[in-house]
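Residue numbers run from 1 in the order of the sequence given. Counting convention: from 1, in listed order, for ligands and their atoms alike.
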Amino acid sequence: MVDSSLGAADAANLSPTAPRRVGVLGGTFDPVHIGHLRSALEVAELLGFDELRLTPNARPPHRDMPQVTAQDRLAMVEKAVQGVTPLTVDARELLRDKPSYTIDTLESMRAELCAHDPLFLLLGWDAFCGLPSWHRWEELLQHCHILVLQRPDADSEPPDALRNLLAARCISDPAALKGPSGQIAFVWQTPLSVSATQIRQLLASGKSVRFLVPDAVLAYIDAHGLYRAPN
Ligand code: ATP
């Protein structure tokens, strides 16, 4: 018998067949910073994720090569999430010897989950608007829900190619996403105004990035002399 003092979420967790709620946040993480981490943690708590996988890209198809090696970027993300439940690191894109296509990542994650486990792909608004240029983008929703991270002050219009998709698949409340995949919802967040570009620039000009990255990441950057201009 379920304890009547438990909430619905607690009661669901007692069930051996409770779906496992898994989120995915891809990125270059060159380096990972508090903007990524705070945003990830807020979404994970809002949506009750069992796990939110930070997934570093190997060779991102849509942008320049990262400045430091995949091994260093992975090590920094691992240090950043250590002991921070439910954030984890997923290195599968770094193990593939080809561009990091999100559809491949989702297919392989989906194959490891139970069919009823919801999978959530987190995308910033800019990334979401660029979706029509992604490899096999129309198949993404077969494997996951999409959570679009949007700023409260933004008033952008989606590209035409996404209007029909949004009309058919978007629901207003992210907490109401149903089933393992297939829907889109917006999560309104006030992001911390920090970027990896800014951090690389600060380091290259000999400035401190203290408090912009976790201390363990700063220690790694210092120990390996990353992003500093050569003497
Ligand atoms: P760069 O400055 O090199 O472009 P970045 O800081 O934007 O890097 P990415 O690794 O490209 O970091 O970002 C991975 C994901 O994290 C993207 O979905 C991006 O929108 C999101 N993100 C980046 N910065 C922030 C931030 N300050 N707050 C919330 N989300 C962020």
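- When non-hydrogen atoms are compared, ligand 1 lies under 4.0 Å from neither the backbone nor the side chain of Q198.
- At under 3.5 Å, not a single nitrogen or oxygen of S193, backbone or side chain, sits near a nitrogen or oxygen of ligand 1.
- Between R136 and E107 there is a salt bridge, since at least one side-chain N of the basic residue sits less than 4.0 Å from a carboxylate O of the acidic one.
- Residue contacts with ligand 1: H33 is included, with a non-hydrogen atom under 4.0 Å away.
- Between F120 and the choices L177, V24, V187, the side chain to side chain contact (heavy atoms under 4.5 Å, CB included) rule is met once, by L177.
- Hydrophobic clustering (side-chain heavy atoms under 4.5 Å, transitive across Ile, Leu, Val, Met, Phe, Trp, Tyr) groups L121 together with L131.
- Screening L226, V213, I221 for a side chain to side chain contact (heavy atoms under 4.5 Å, CB included) involving L203 leaves a single residue, I221.
- Residue contacts with ligand 1: D30 is placed with no nitrogen or oxygen under 3.5 Å of a nitrogen or oxygen of the ligand (distance criterion only).
- By the 3.5 Å distance cut-off applied to N or O atoms, G27 is not counted among the residues near ligand 1.
- Below 3.5 Å of separation, one finds an N or O of A196 facing an N or O of ligand 1.
- Both L113 and L141 belong to a single network of hydrophobic side chains, linked directly or stepwise wherever heavy atoms of I, L, V, M, F, W or Y lie under 4.5 Å apart.
- Among the atoms of P191, none of the N or O lies under 3.5 angstrom from an N or O of ligand 1.
- Of the polar atoms of L123, none of the N or O atoms is found under 3.5 Å from an N or O of ligand 1, judged by distance alone.
- Summarising the local packing, CD of E112 is surrounded by more than 12 heavy atoms from other residues, nucleotides or ligands at distances under 6.0 Å.
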